[in-house]
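Taking it in order: structure first as structure tokens, then the write-up.
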Amino acid sequence: MDSHQEREERQKHNCSYTEFLQTLSVLQWILTFLLLGPVCALLISWVIYSKLWPVFVMYIIWMISDRKTPERGGRRSIWMSKWTMWKHFRDYFPIKLHKTTDLDPTLNYIFAYHPHGIMSFGAFCNFGTDSTGFSHIFPSLKPHLTTLAGNFKVPLYRDYLLAAGMCSVAHSSIDYLLSSHCSGNAVVIVIGGAAEALHCTRNKHILTLKKRKGFIRKALTNGASLVPVYSFGENEVLEQYHFEPGSWKRTLQITFQQWIGFAPCIFFGQGLFSSASKGIMPLRKAINTVDCY
């Protein structure tokens, strides 16, 4: 009896520890998503006015020489994509990648991803890491998750994004990845972008497509195939406060999106260690990402 009770206690302890690691991994991603860019900008500002300014000068020289990398396939770190932390991140929800058909590795593809959600957990987990097994599910394809070109102008932050396998969503970047001298590339574009994030609502599927058909033109121009990709459950993990159309708060969101490239969403989920309270942690709800080729 004592042995049975001890086993149950060990199982509970292991379960608690695993859940703690999952929570920690998702929390670091949220803080990275929200704060890493501003923190890097503040750090660089401090270095400029400190005795370390020669280091900053050397970094800027290197950054200028490396400025084309986000538009030339990026600089993905295989080591980073396989961090154990991303497996805990995946299991928190959990997130799963489902393949409906094999894709010809001699061709290039645009993965038209929906929905954006608040933080695009599914897009990053499936295509910015290898935690859901992209390299095994599509063994001959190389994923390139694209993001705003402006993100690569922030020193240090750009290097984190590049290591995570991200590329610029600029025209030149997409053309390079889809050009005839490269094959087996899967360019992942979150079509709706920040505009779609503003419409993120639980139990609803509101897509932003009307003025975002440039990806179709890119596919036709470069002879690439389009692969619709949908993450079921992405909109269910966080809620946001929706402001009335025409209100100053809604106008501020839209103006911010037009000038900066993303919209500040006021969101909430569950508490850090309790699903009964509100906080910045997403709900533990499954996200199933499916390619619909």
Side-chain angles (χ1 to χ4, degrees), residues 11-12 14-34 81-101 103 111-138 143 145 164-165 186 188-193 196-208 227-240 242 265 267-293:
Q11 289 175 350
K12 289 180 180 178
N14 292 336
C15 182
S16 310
Y17 182 64
T18 300
E19 290 182 355
F20 171 75
L21 291 177
Q22 292 171 358
T23 299
L24 199 62
S25 65
V26 174
L27 178 61
Q28 69 79 28
W29 162 245
I30 292 174
L31 295 178
T32 297
F33 185 92
L34 297 175
S81 72
K82 295 182 180 296
W83 280 354
T84 302
M85 176 174 62
W86 303 132
K87 295 180 180 179
H88 294 305
F89 180 95
R90 171 201 66 195
D91 294 338
Y92 176 93
F93 297 92
I95 299 173
K96 294 182 180 179
L97 178 62
H98 304 270
K99 179 177 71 171
T100 60
T101 186
L103 299 178
F111 280 22
Y113 182 94
H114 282 291
H116 183 284
I118 301 295
M119 292 190 182
S120 296
F121 292 110
F124 176 77
C125 188
N126 286 302
F127 308 113
T129 80
D130 197 39
S131 61
T132 56
F134 185 95
S135 62
H136 298 289
I137 297 173
F138 299 102
L145 180 59
V188 184
I189 304 177
V190 184
I191 304 300
E196 193 168 85
L198 287 176
H199 299 297
C200 177
T201 306
R202 292 184 64 189
N203 301 318
K204 289 186 179 181
H205 299 268
I206 303 174
L207 306 185
T208 302
V227 180
V229 179
Y230 202 93
S231 275
F232 296 93
E234 181 76 53
N235 286 347
E236 314 303 319
V237 296
L238 287 172
E239 293 189 57
Q240 70 169 310
H242 291 280
C265 298
F267 66 89
F268 64 92
Q270 69 177 47
L272 192 58
F273 297 111
S274 172
S275 59
S277 59
K278 290 185 178 181
I280 64 171
M281 294 299 295
L283 303 177
R284 287 178 175 266
K285 291 182 177 291
I287 298 176
N288 289 285
T289 304
V290 185
D291 79 88
C292 310
Y293 188 61

Query - Side chain D130, main chain K82, donor-acceptor under 3.5 Å - result: no
Report task. Specify the closest pair of heavy atoms between N235 and C200, including all atoms of both residues, with the distance to one decimal. Result -> OD1-SG, 3.3 Å
Report task. Please report the closest heavy-atom contact between C292 and V227, naming both atoms and the distance. Result -> N-CG1, 4.5 Å
Query raised in the report: Is the backbone N or O of G117 less than 3.5 Å from a side-chain atom of E196, with the two atoms forming a donor-acceptor pair by type?
Result: no
Report summary line: Here the gap from S231 atom OG to H116 atom NE2, rounded to the nearest 0.5 Å, amounts to 12.0 Å
Report summary line: For K285, the side chain to side chain donor-acceptor pair (under 3.5 Å) test, sequence neighbours excluded, returns none
Report summary line: Across all chains, not counting sequence neighbours, the salt bridge (charged side-chain N to carboxylate O under 4.0 Å, His left out) partners of D91 are none
Query raised in the report: With I189, which residues qualify under side-chain contact (heavy atoms from CB on, under 4.5 Å), at least two apart?
Result: I110, T146, V169, I174, V187, I191, F215
**Report entry** Donor-acceptor side-chain pairing of H98 and T289 below 3.5 angstrom
**Finding:** no
**Report entry** Ring-face cation of R284 near Y92 (centre distance under 6.0 Å, axis angle within 45°)
**Finding:** yes
Query raised in the report: Any idea which heavy atoms bring I118 and A197 closest together, and the distance?
Result: CD1-O, 4.1 Å
Requested in this report: Rounded to the nearest 0.5 Å, what's the gap from CG on N126 to CG on N288? Could you check?
Outcome: 9.5 Å
Requested in this report: Verify side chain to side chain contact (heavy atoms under 4.5 Å, CB included) between I137 and L97, making sure each step is shown before the conclusion.
Outcome: CA-CA 8 Å; I137 297 173; L97 178 62; 3.9 Å; yes
Report summary line: T100 meets the side-chain contact (heavy atoms from CB on, under 4.5 Å) criterion, sequence neighbours left out, with V290, D291
Report task. Identify, with sequence neighbours excluded, every residue that meets side chain to side chain donor-acceptor pair (under 3.5 Å) alongside H88. Result -> none
Report summary line: The ring pair (Phe, Tyr, Trp, His ring centres under 6.0 Å) partners of F134 (sequence neighbours excluded) come to F127, F138
Query raised in the report: Mind checking what makes salt bridge (charged side-chain N to carboxylate O under 4.0 Å, His left out) contact with E239, not counting sequence neighbours?
Result: R202
Query - Minimum-distance pair of heavy atoms, taken over all atoms of S81 and G128 - result: CB-O, 4.4 Å
Report summary line: Y113 meets the ring pair (Phe, Tyr, Trp, His ring centres under 6.0 Å) criterion, sequence neighbours left out, with none
**Report entry** Residues in side chain to side chain donor-acceptor pair (under 3.5 Å) contact with S25, at least two apart in sequence or another chain
**Finding:** none
Query raised in the report: What distance do M119 atom CE and L238 atom CG have between them, rounded to the nearest 0.5 Å?
Result: 6.0 Å
Query - Check: T201 main-chain N/O paired with Q240 side-chain donor or acceptor under 3.5 Å - result: no
Query raised in the report: Can you tell if the side chain of I280 reaches within under 4.5 Å of the side chain of L27, non-hydrogen atoms only?
Result: yes
Query - Non-hydrogen atoms of P282 and I30 that approach each other most closely - result: CD-CD1, 3.6 Å
Report summary line: Value for NE2 (H114) from OG (S120), rounded to nearest 0.5 Å, stands at 11.5 Å
Report summary line: Sorted by chain and number, sequence neighbours left out, side-chain contact (heavy atoms from CB on, under 4.5 Å) with C125 holds for F89, R90, I95, T129, S131, T132
Report summary line: Rounded to the nearest 0.5 angstrom, the CH2-CH2 distance for W29 and W86 is 7.0 Å
Query - Residue list, ring pair (Phe, Tyr, Trp, His ring centres under 6.0 Å) with F232, at least two apart or on another chain - result: Y230
**Report entry** Residue list, salt bridge (charged side-chain N to carboxylate O under 4.0 Å, His left out) with K278, at least two apart or on another chain
**Finding:** none
Report task. Pick out which of L283, I287, N203 makes a side chain to side chain contact (heavy atoms under 4.5 Å, CB included) with E236. Result -> N203
